[in-house]
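These notes are about the structure you will find just below.
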There are 2 protein chains.
Amino acid sequence: MNNASPAPPRPDSLSDQPETAVREVIVRDVVRGLYEGRYEPGQRLREAELTQAYGVSRGPVREALNVLAARNIVELTPQRGARLRVLHIGEAIDTLVVAQNLVGLAARLAARNHDDAAGRARLQAALDAHAAFPPEGGGAELAVARDNFYGALTAMAANIQLSRILPSVHIHLIRVQFRPMLRINDASRHRDYQRIVDAVFAGREREAEGAARAHFERGIERLRGLQQG
Amino acid sequence: MNNASPAPPRPDSLSDQPETAVREVIVRDVVRGLYEGRYEPGQRLREAELTQAYGVSRGPVREALNVLAARNIVELTPQRGARLRVLHIGEAIDTLVVAQNLVGLAARLAARNHDDAAGRARLQAALDAHAAFPPEGGGAELAVARDNFYGALTAMAANIQLSRILPSVHIHLIRVQFRPMLRINDASRHRDYQRIVDAVFAGREREAEGAARAHFERGIERLRGLQQG
DNA sequence: CTCCTGATTATTGTCCTACATTATGGAGAC
DNA sequence: GTCTCCATAATGTAGGACAATAATCAGGAG
């Protein structure tokens with residue numbers, strides 16, 4: 001059974017573990033559903049509905065809800081079930097502050113590994129894919145492209161814990177809720193990404209970290225403005 | 001039933017959610033068991049054994065395992081069950097690097113809130129409790145005291161996401177595995193903590209962050225030495 | 001009319017049993 | 001000695017049942 005094939009093709013996802021389970025299917029679909037608008041923050045997730053919707057029994061549904069709760073996507077109150085988390089603005093800012101640090105760290109470490117050819121290729125591909133979207137482009141696919149960019153960046157950082165934790169920050173969920181207010185256009189975001197990648201490829205650690213932090217700083221400032229005004 | 005009593009007493013834990021469930025009892029006991037040596041890394045966790053040990057059915061046991069997997073405490077392989085995670089040295093270093101950044105951030109934010117009286121009190125109390133242990137002191141209680149220190153620090157940072165994520169980094173699990181190699185004595189750790197607290201209380205953000213980062217830097221260096229040697 | 005109280009209902013938390021699916025280990029063939 | 005095939009063990013899921021709790025609603029006291 002020693003299959004010597006080099007690497008299993010898994011170009012899309014950040015998940016390292018081969019989660020075959022139904023549970024993961026549900027988890028993924030809920031997250032994707034948030035991107036696509038099928039689910040929306042605040043919505044209640046009743047076990048009965050989910051069992052019907054996915055055609056599975058309550059066991060896997062409950063497990064999926066637990067996973068989603070662990071990832072802070074749903075709020076789980078003991079006898080009252082699950083509800084898709086609603087971020088108020090303060091929490092969104094908190095999230096961005098944490099993400100700012102972690103992505104900054106990722107960029108710094110990635111720059112340190114700037115001679116990793118596979119990492120460079122993946123990062124460049126993710127950047128190109130992100131650029132391919134039209135300025136008014138789609139919601140869910142763009143979100144996935146952004147995830148892939150951050151995934152490639154953290155992969156190049158070669159820090160397992162970082163790869164594990166950063167997705168759990170769920171930057172994209174902020175987007176789902178605050179898209180109208182943030183209105184960062186795709187072009188400027190792409191410029192930010194490009195700047196990060198340039199610094200990373202050149203091995204300039206501090207510049208890479210700074211560029212990553214600067215990108216988040218804008219969103220933070222904008223949300224802070226909304227909070228006070 | 002609108003019980004107007006102000007706040008339920010929960011002074012010890014970082015958990016904000018009132019998890020009544022059996023699941024959480026198991027999760028907590030496994031973590032504590034790791035501190036106490038009842039469980040050890042690499043050990044397999046069979047559902048049948050856990051159902052017997054805790055006197056519950058497979059449902060809650062499986063849910064607990066999922067939660068533990070989400071917190072990176074157990075490794076869950078699709079058809080082969082759960083196993084308490086074994087960190088090889090590289091992963092331990094990765095963990096400390098991430099923790100270094102996050103705790104540094106926490107210290108900086110805490111310093112920014114240095115006028116928060118309640119936060120100061122809690123942090124001081126945690127520091128005192130940590131100091132109360134004898135230099136050769138107990139394992140599990142000391143680990144809890146350390147957790148409380150970081151809990152108080154992040155609480156004072158007043159960043160919800162940080163409070164949520166930092167515990168999931170599970171710095172303490174490194175200790176469980178690498179205690180013999182690390183041999184940071186309690187006195188020097190306490191000095192580090194004291195330095196952080198001093199800077200925090202004085203509101204010196206950069207110094208607080210630097211002190212926190214320096215504390216982790218030692219452990220990282222030590223592990224790097226082990227890795228190469 | 002409002003507020004409080006008690007019963008009804010909906011939903012979750014847990015248990016139990018059963019079966020499908022998949023890894024693991026060993027027996028036997030070559 | 002290596003390989004194939006099968007028995008065993010363990011997990012993944014289904015489905016039904018019941019207890020416990022929260023939300024809801026009806027009715028009565030003031």
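First the proteins, then the strands, lettered A, B, ... as listed; each starts at 1.
One atom, CG of A:L76, and another, C1' of D:dA22, lie 15 Å apart when rounded to the nearest Å. Here the C1' atom of nucleotide C:dT12 and the CD atom of A:E63 are 16 Å apart, to the nearest Å. The interatomic distance linking A:I26 (CD1) with D:dT13 (P) rounds to 9 Å, in whole Å. In this structure, B:L65 places its CG atom 15 Å from P of D:dA10, rounding to the nearest Å. Atom CZ in B:R80 sits roughly 14 Å away from atom C1' in C:dG25 (whole-Å rounding). As a whole-Å value, the separation of A:Q79 CD from D:dA19 C1' is 10 Å. For the pair A:N66 CG and C:dT12 P, the computed distance is 13 Å after rounding to whole Å.
Classification of A:E40 and A:R179 as a salt-bridged pair fails, no side-chain N sitting under 4.0 Å from a carboxylate O. With salt bridges taken as basic N to acidic carboxylate O contacts below 4.0 Å, one links B:R71 and B:E24.
Between A:R44 and A:G55, the residue anchored closer to the 5' end of DNA chain D is A:G55, taking for each the nucleotide with the nearest heavy atom.
Among the nucleotides C:dT24, C:dT12, D:dT11, the one closest to the side chain of B:R46 is D:dT11. Between C:dT14, D:dT11, D:dT21, one nucleotide has an atom nearer to the side chain of A:R62 than all others, and that is C:dT14. Here the side chain of A:E47 is nearest to one of C:dA23, C:dG13, D:dT13, namely C:dG13. Comparing C:dC15, D:dT13, D:dA17 against the side chain of B:S57 picks out C:dC15 as the nearest.
Atom CE of B:M156 sits about 6.5 Å away from atom CG of B:L123, to the nearest 0.5 Å. Going from atom CZ of A:R222 over to atom CD of A:Q227 covers 15.5 Å, rounded to the nearest 0.5 Å.
At the heavy-atom level, B:G59 lies nowhere under 4.0 Å from the strands shown.
Under the 30°/60° scheme for interplanar angles, the aromatic rings of A:F149 and A:H130 are found to be tilted.
Side-chain N/O atoms of B:R58 and base N/O atoms of D:dG12 include a donor-acceptor pair closer than 3.5 Å.
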